[in-house]
Amino acid sequence: MLEKINQLREDIARLKAENAEQIEALRIKYLSKKGEISALFNDFRTVPNEQKKEIGQKLNELKNIATEKINALREAFASKDDISSDIDLTRSAVPYAEGSRHPLSLVKNEIIDIFSRLGFTIAEGPEVEDDWYVFSSLNFAADHPARDMQDTFFIQRNPDVLLRTHTSSVQSRVMEKTQPPIRIICPGRVYRNEAISYRAHCFFHQVEALYVDKNVTFADLKQTLLYFAKEMFGPETKIRLRPSYFPFTEPSAEMDISCNLCGGKGCNFCKHTGWVEILGCGMVDPNVLEACGIDSKQYTGFALGMGVERITNLKYQVKDLRMFSENDVRFLEEFESAH
C-alpha cells in the first residue's frame, strides 16, 4: 500500500488542467467517494495493526496534498479567467442612455445663479402654510378674492391651513426672524385652484427675490431687473415697467422684455407688440414690513416674482404648460444639449 500511496503522490504533484471541467474531473478521480484515495481508505482495514499508524499518517497526508493541489488548480484557473480589470461588472448589461435635467430645473438654476452674483442667497419654506404667512402678513385684505376656495387649495376646508399660492410666504418667514439687511431669493413650487390647460396649471414654480435695507429705492429695483433680463435673455434685451397692483408692494409694476424672437419688431408670439410680460415687482409695502417686525421708517425694500414656467416658455418656446409635468421622455430629451 505504501508503494501505491507514493505513486499517487507523484501523480498528484504532476497534475495539470486547462479548464474548470478538467479540474472537476481530477477532483472526482482522486477525492470523490469512489475516487482512488477513498479506495485506499477502504483497503486500510486490511493493513496489519503494526503498520496502521504509519500508513494512516501517509493516507491523511496524501488526501491533504490532493485537496491542496485541486484547490491550487482551481484558484489559478479563476485568476486566469478573471476579466474584472477589463470590464466594469457594476454596469448594466443593457446600455441605458443617460438622463438629463428637467427644463424647469435648468431655468430655475440659471435664475438662481444670476441673482447669486448680485449677492442674493437662497431661502426656502414649507409648501403647506398658514393664512398669516401667505395672506395676512402680506397685506391681503380679509375679503381679498385670493382667499376664496375657488382660487386657493385649503386643507380639509380649514381657512387657516392651505397650500401656498406664492413663495412670498418665505419672505414673510425670513423678515419675521431676521433684521435687515436682507437679500434673498425664494424658489419653490406653488399651488392655485385653476383649471388645467395649455396656459395654466394647478401647480407651478416661482422664484421671488427680496431686498430690504436702508435707502433701497425703485432705481435699485430697476437696475436689478435690467441686469437679470440681459443675463437671462441676452445683452440686447430691453425692459419696460408698467404700473400695476399687488397687495404687498407699493408702488407695483409689471415688467416686460423686448420679444426675444422678433427683437421687438412684432410677431405672433408677442402679439405684434414687441413686448412680452415676464414678472411682477414693486417696493415692499410699509404695512408688510411692520407686520414682520421691521421698522418701515428706517428700512425700505423691493420684491419681485416670476413664474419659472413662464421664463422657460420664453427661453425654449414651449407652447403647452402641461408638457412640463407629463414626463414625456421624448420632450425631455430635447433639453440634453441645454446642460
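Quick caveat: nothing in here was measured; it's all calculated off a predicted structure.
- Heavy atoms only, all atoms of each residue included: P103 and F331 are closest at CG-CE2, 4.1 Å.
- Under a hydrophobic clustering in which Ile, Leu, Val, Met, Phe, Trp and Tyr are joined whenever their side-chain heavy atoms come within less than 4.5 Å, directly or via other members, I122 and V308 fall into the same cluster.
- Residues R310 and E277 are not paired through a salt bridge, judged by the lack of any N-O separation under 4.0 Å between the basic side chain and the carboxylate.
- Of the residues listed (I12, N64, L31, L26), the one engaging K69 in a side chain to side chain contact (heavy atoms under 4.5 Å, CB included) is I12, and it is the only one.
- With a 6.0 Å radius and a threshold of 12 heavy atoms from other residues, nucleotides or ligands, Q317 has its CD atom above the threshold.
- K222 NZ: 12 or fewer foreign heavy atoms inside a 6.0 Å radius.
- Following chains of ILVMFWY side-chain contacts shorter than 4.5 Å, one cannot reach V128 starting from F204, and the two form parts of different hydrophobic clusters.
- Linking Ile, Leu, Val, Met, Phe, Trp and Tyr whenever their side-chain heavy atoms come within less than 4.5 Å leaves V190 and F154 in two separate clusters.
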* To do: Walk me through it: do Q171 and V288 pass the test side-chain contact (heavy atoms from CB on, under 4.5 Å)?
  => CA-CA 10 Å; Q171 299 178 18; V288 174; over 6 Å; no
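- The CG atom of L210 sits 10.5 Å away from the CZ atom of R183 when rounded to the nearest 0.5 Å.
- No donor-acceptor distance shorter than 3.5 angstrom exists from the side chain of S244 to the backbone of S252, with no hydrogens or angles considered.
- You'll find the side chain of F218 reaches within 4.5 Å of the side chain of M283, heavy atoms only.
- If you take CD on E127 and OG1 on T167, they are separated by 11.0 Å, rounding to the nearest 0.5 Å.
- By the 30° and 60° cut-offs, the orientation of the rings of F248 relative to F140 is tilted.
- Side-chain atoms of E129 do not come within 3.5 Å of backbone N or O of R164 as any donor-acceptor pair.
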* To do: I would like to know whether T300 and T217 meet side-chain contact (heavy atoms from CB on, under 4.5 Å); could you show each step before the answer?
  => CA-CA 7 Å; T300 55; T217 67; 6.0 Å; no
* To do: Show your working on side-chain contact (heavy atoms from CB on, under 4.5 Å) between V276 and F233 and close with a plain yes or no.
  => CA-CA 12 Å; V276 181; F233 298 104; over 6 Å; no
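- With H166 contributing its side chain and V134 its backbone, the two residues share a donor-acceptor pair below 3.5 Å.
- Side-chain contact annotation: H201 with E194, donor-acceptor N/O pair under 3.5 Å absent.
- The main-chain N or O of P247 is found under 3.5 Å from a side-chain atom of N139 such that the two form a donor-acceptor pair.
- Considering NE2 of H102 and CZ of F324, their distance stands at 7.0 Å, rounded to 0.5 Å.
- The heavy-atom pair separating N215 from D220 by the smallest distance is O-OD2, 3.8 Å.
- Not one N or O on the side chain of N60 forms a donor-acceptor pair closer than 3.5 Å with the backbone of K63.
- A donor-acceptor pair is defined here as one N or O able to donate and one able to accept, closer than 3.5 Å; such a pair exists between the side chain of S32 and the backbone of G35.
- With values rounded to the nearest 0.5 angstrom, F153 atom CZ is found 11.0 Å from L162 atom CG.
- Contact detail for S137 and S172: the closest heavy-atom pair is OG-OG, 2.9 Å.
- L8 has its side chain out of reach of I65: every pair of non-hydrogen atoms, C-beta onward, lies at least 4.5 Å apart.
- Side-chain contact between V284 and V216 is absent, with no heavy atoms from C-beta onward closer than 4.5 Å.
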* **Worked verdict on L279 versus L225 for side-chain contact (heavy atoms from CB on, under 4.5 Å)** => CA-CA 10 Å; L279 59 81; L225 294 172; 3.8 Å; yes
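- Judged by distance alone, the side chain of Q179 and the main-chain N or O of G293 form a donor-acceptor pair under 3.5 Å.
- A donor-acceptor pair is defined here as one N or O able to donate and one able to accept, closer than 3.5 Å; such a pair exists between the side chain of S258 and the backbone of K238.
- Residues N109 and D113 form no side-chain contact, since every pair of their non-hydrogen atoms from C-beta on lies 4.5 Å or further apart.
- Interatomic distance, CG of D328 versus CZ of R322, reported as 13.0 Å (0.5 Å rounding).
- A single hydrophobic cluster is not seen to contain both I28 and I70; linkage of ILVMFWY side chains at heavy-atom distances under 4.5 Å, directly or through other members, places them apart.
- Looking only at atom types and distance, the side chain of R74 has a donor-acceptor partner in the side chain of N71 under 3.5 Å away.
- Interatomic distance, L163 CG to F203 CZ, rounded to the nearest 0.5 Å: 12.0 Å.
- Side chain of E290 to main chain of S296: a donor-acceptor pair is present (N/O by atom type, distance under 3.5 Å, no hydrogens or angles).
- What you find for A17 and L73 is that their closest heavy atoms are N-CD2, 4.3 Å.
- Ring pair F302/Y211 is perpendicular by interplanar angle, where above 60° counts as perpendicular and below 30° as parallel.
- R192 places a side-chain N or O within 3.5 Å of a backbone atom of T165 that can act as its donor or acceptor partner.
- A single hydrophobic cluster is not seen to contain both Y191 and W132; linkage of ILVMFWY side chains at heavy-atom distances under 4.5 Å, directly or through other members, places them apart.
- Ion pairing between a basic and an acidic side chain is recognised when a charged N comes within 4.0 Å of a carboxylate O; E176 and R173 show no such pairing.
- Inter-residue side-chain proximity for E231 and F115 is flagged as unmet; no heavy-atom pair is nearer than 4.5 Å.
- When all heavy atoms are compared, the tightest approach of D320 to S197 is OD1-O, 4.2 Å.
- Between I257 and A229, the shortest heavy-atom contact is CG2-CB, 4.2 Å.
- For the residue pair D11 and Q7, a side-chain donor N or O sits within less than 3.5 Å of a side-chain acceptor on the partner.
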